[in-house]
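Just so you know, ligand 1 is whichever comes first in the structure, and atom 1 is the first atom listed for that ligand.
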Amino acid sequence: MKKIKKIINKKNRSKIVCLTAYSKNIAEEIDKHVDIILVGDSLGSVLYNYSSTRKVTLTEMINHSKSVRLGVKKSLMVVDMPFRTYTTKNIALKNAKKILNETKCDAVKLEGGKKVIKQVEYLIKNKIPVMGHLGLLPQSVKGKFKSKGKTSREIKQLMNDAMLLQKTGVFAIVLECVKTPIAKQITKDLKIPTIGIGSSVHCDGQVLVTDDLLGLNETKIKFVKRFLNIKKYINLGLKKYASDVRSKKYPSKKHSY
Ligand code: KIV
């Protein structure tokens, strides 16, 4: 709860930095730089080449989260509840408890507003911290990914959902691919922080998929900025290893029993 209060208190003070992690070693490094680590169900496409996050299972989320937990010391750790694990309030509670008990994470994230509000309410009533997710909802998309907040109907729904989630007690809301003026307005209207992804600088914080920003995962998504070409460094090390094995430089006496 202390960690969650700290996140909420950042609103209008300092930007909230959030990144995804799917395993321990990278989580350990990310933990030094961020406020929130999200075990996102984006791991389905990034690690398993699934065509949709709908294929991600609860077991996969739990196993990756257990690994991430080993690397997280200070950040708030949030785990995505995968598709079909929160279809009713009772199913949501059973699965959220399983995620919390087995992974020792701090909170869960659910996609949607009014449609999942009974589930969100029930989790919070049972003392499970919840992060909301509005705008583009990957678990609901069947075809192409499109930005949200273009029509007056979409705008009204986004505004209403954001208010409803806040009233229900979520501690923050991810806004994915929401048009700039709408993301700005929602951020201004809410007392809790918004975490943007493709939703402009006006959000209270930002989240990205770590593999995308490091250049490990090749993607052409508009909102992704590649901050590093990590493959270049990986290949330097791998090339040196292969060359030393072939030239019998490795292992030397120092590395042999
Ligand atoms: O699954 C995920 O990684 C996410 C973020 C990118 C917001 O939900």
Could you check Ser75 against Asp31 for side-chain hydrogen bond (donor to acceptor under 3.5 Å, both in side chains), going step by step and ending with a plain yes or no?
CA-CA 6 Å; Ser75 308; Asp31 191 45; 2.6 Å; yes
Stepwise salt bridge (charged side-chain N to carboxylate O under 4.0 Å, His left out) check, Lys10 with Asp35
CA-CA 10 Å; Lys10 281 184 178 283; Asp35 305 297; 3.6 Å; yes
Going through the checks in order, is the side-chain contact (heavy atoms from CB on, under 4.5 Å) test met by Val79 and Met77?
CA-CA 7 Å; Val79 175; Met77 182 177 154; 4.0 Å; yes
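Side-chain contact, Ser23 with Ser67: no donor N or O sits under 3.5 Å from an acceptor N or O. Looking at Glu60 and Tyr22, their side chains never bring a donor and an acceptor atom within 3.5 Å of each other.
Every atom of ligand 1 is numbered from 1 in the order shown, and the set under 4.0 Å from a heavy atom of Thr20 is 3 (O). Residue Ile197 approaches ligand 1 through these ligand atoms, each under 4.0 Å from one of its heavy atoms: 6 (C). Close approach of ligand 1 to Gly40 (heavy-atom distance below 4.0 Å) involves ligand atoms 1 (O), 2 (C), 3 (O).
Heavy atoms of Glu111 come nearer than 4.0 angstrom to ligand 1 in no pair at all.
For Asp80, a nitrogen or oxygen atom sits less than 3.5 Å from a nitrogen or oxygen atom of ligand 1, counting backbone and side chain alike.
Counting only heavy atoms of the protein, atom 5 (C) of ligand 1 lies nearest to Leu38 CD2, 3.6 Å.
Here atom 8 (O) of ligand 1 lies nearest to Lys109 when heavy atoms of Met131, Lys109, Gln139 are compared. By heavy-atom distance, the residue among Gly44, Cys18, Ser45, Ser42 lying nearest atom 1 (O) of ligand 1 is Ser42.
Relative ring orientation between Tyr250 and His255 is described as tilted, the plane-to-plane angle lying within the 30° to 60° band.
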